[in-house]
Amino acid sequence: MSRSDDLLEFADTVKGFMPRDEGLALYRGALEHAGGDAGGTWLEVGAWCGKSAVYLGAAAEQNNAVLYSLDHHHGSEENQEGWEHFDYTLVDPVDGRLNTLPTWQRTIAEAALESTVIGLVGPSLVVAAHFAQPLDILFIDGGHGAEIAWADYEAWTPKVVVGGLLMIHDVFVNPVDGGRPPYEIYLAALESGTFVDLASEGSLRVLTRVG
Ligand code: SAH
Ligand code: MG
């Protein structure tokens with residue numbers, strides 16, 4: 001098996017909320033976009049346990065790109081105790097808080113992607129305010145509440161270079177399937193005239209910057 005087959009198979013085993021077909025679309029979108037354009041800077045907002053980082057990292061490795069994988073690692077609202085996506089095995093027994101950083105680190109180490117996928121630990125907006133490097137690929141999959149989703153959109157999308165990719169996860173056209181903010185920021189990206197649609201798979205949208 002090739003290195004990329006190994007990584008894509010491994011990604012399947014990592015905890016998370018990324019269906020395989022969407023993960024493969026993430027991988028292929030990044031790979032096709034980067035083709036020949038080595039050394040890019042990519043960033044994902046929302047790392048969790050590293051599943052999407054393995055899909056994107058598999059493509060980054062082939063392009064000598066670096067993927068920054070950003071998270072405060074304490075989970076979103078729906079990951080907390082009493083909510084739909086709570087996983088008690090991710091609670092730190094020392095302070096009782098959800099902490100996905102050790103799992104994320106083990107994932108990236110096991111995938112042997114430690115020189116390709118670099119963790120950024122902290123609140124998305126604080127990092128964005130101090131992050132000046134233009135992005136060739138941006139994947140938004142952080143907090144899905146209206147306030148943070150819009151703030152991520154406003155803080156991070158201007159950093160995408162013309163010709164670069166913007167990928168957004170959990171875009172649900174039908175409100176029955178999930179919350180609105182990711183869908184709303186997707187629409188805003190299109191309506192801004194700055195981004196156009198390239199591809200979609202499930203709730204993943206792939207756009208490119210045109211202006
Ligand atoms: N992309 C991951 C899943 C991310 S889940 C995958 O597919 O595998 C969403 C993540 O966003 C959670 O881990 C949560 O901790 C993080 N998050 C939510 N709000 C955040 C914020 N304001 N700053 C940093 N991370 C945030
Ligand atoms: Mg998601």
Side-chain angles (χ1 to χ4, degrees), residues 7-8 10-27 29-30 42-60 67-81 83-87 89-92 97-108 110-111 113 117-131 137-156 165-172 177-186 200-206:
L7 281 176
L8 297 176
F10 173 67
D12 269 348
T13 70
V14 179
K15 268 185 200 196
F17 316 105
M18 170 76 52
R20 182 176 167 81
D21 50 357
E22 295 177 20
L24 292 176
L26 199 62
Y27 166 74
W42 307 359
L43 185 139
E44 66 169 5
V45 182
W48 191 241
C49 297
K51 193 182 189 82
S52 55
V54 172
Y55 284 115
L56 285 172
L67 172 71
Y68 287 109
S69 177
L70 163 64
D71 206 302
H72 51 44
H73 283 286
H74 295 303
S76 300
E77 195 177 30
E78 65 273 18
N79 307 120
Q80 306 304 321
E81 187 158 12
W83 290 71
E84 190 188 349
H85 292 295
F86 178 64
D87 178 346
T89 66
L90 296 171
V91 173
D92 180 346
R97 296 178 82 186
L98 198 71
N99 183 7
T100 51
L101 181 56
T103 311
W104 180 92
Q105 284 184 302
R106 285 193 286 270
T107 299
I108 302 309
E110 214 181 316
L113 283 170
V117 179
I118 309 298
L120 289 176
V121 182
S124 170
L125 301 182
V126 176
V127 179
H130 294 267
F131 195 97
I137 298 181
L138 169 65
F139 175 46
I140 298 184
D141 191 23
H144 291 353
E147 204 176 315
I148 186 62
W150 278 102
D152 276 342
Y153 172 75
E154 270 149 28
W156 287 105
L165 282 194
L166 168 64
M167 309 208 253
I168 306 175
H169 197 224
D170 302 305
V171 170
F172 298 112
D177 298 326
R180 307 316 282 152
Y183 177 61
E184 289 166 6
I185 66 170
Y186 160 70
S200 82
E201 176 67 54
S203 74
L204 179 74
R205 295 292 178 279
V206 182

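Atoms within a ligand are numbered from 1 in the order they appear, just like the ligands themselves. Computation of the quantities below employed the complete heavy-atom set of this structure, encompassing side-chain atoms and omitting hydrogens, waters and symmetry-equivalent molecules. Numbering starts at 1 and runs along the sequence shown.
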For the Mg ion (ligand 2): the N/O/S atom of His169 at shortest distance: ND1
Which bit of Met18 is near ligand 1, meaning a heavy atom under 4.0 Å away: side chain, backbone, both or neither? side chain
Considering non-hydrogen atoms of the protein only, which is the closest contact for atom 20 (C) of ligand 1, and what is the distance? His72 NE2, 3.3 Å
Atom 9 (C) of ligand 1 - nearest protein heavy atom and its distance: Asp141 O, 3.2 Å
For ligand 1 and Gly46, I'd like to know whether there is a polar contact (N/O to N/O, distance under 3.5 Å). yes
Contact atoms of ligand 1, heavy-atom distance to Trp48 under 4.0 Å: 3 (C), 4 (C), 5 (S), 12 (C), 13 (O)
Is Phe139 close to Leu67 at the side-chain level, that is, under 4.5 Å between some pair of heavy atoms? no
Between Ile148 and ligand 1, which residue portion shows a heavy-atom distance shorter than 4.0 Å: side chain, backbone, both, or neither? side chain
Can an N or O of His73 be found at a distance shorter than 3.5 Å from an N or O of ligand 1? no
For the 3.5 Å polar cut-off, considering only N or O atoms, please tell me whether Ser124 and ligand 1 meet it. yes
Spell out, as yes or no, whether a donor-acceptor pair under 3.5 Å connects the side chain of Asp92 to the backbone of Arg97. no
Angle, OD2 of Asp170 through the Mg ion (ligand 2) to OD2 of Asp141 - 10° precision: 140°
Is the shortest heavy-atom distance from the side chain of Arg20 to the side chain of Tyr55 under 4.5 Å? yes
Should the pair His72 and His74 be assigned to parallel (<30°), tilted (30 to 60°) or perpendicular (>60°) ring geometry? parallel
Do me a favour and list the nearest non-hydrogen protein atom to atom 13 (O) of ligand 1 with residue, atom name and distance? Asp71 OD2, 2.6 Å
So which heavy atom in the protein is nearest atom 8 (O) of ligand 1, and how far is it from that ligand atom? Ser52 N, 3.2 Å
Check whether any side-chain heavy atom of Asn79 lies under 4.5 Å from a side-chain heavy atom of Trp48, and answer yes or no. yes
So, does Gly16 sit close enough to ligand 1 that a heavy atom of it is under 4.0 Å from the ligand? no
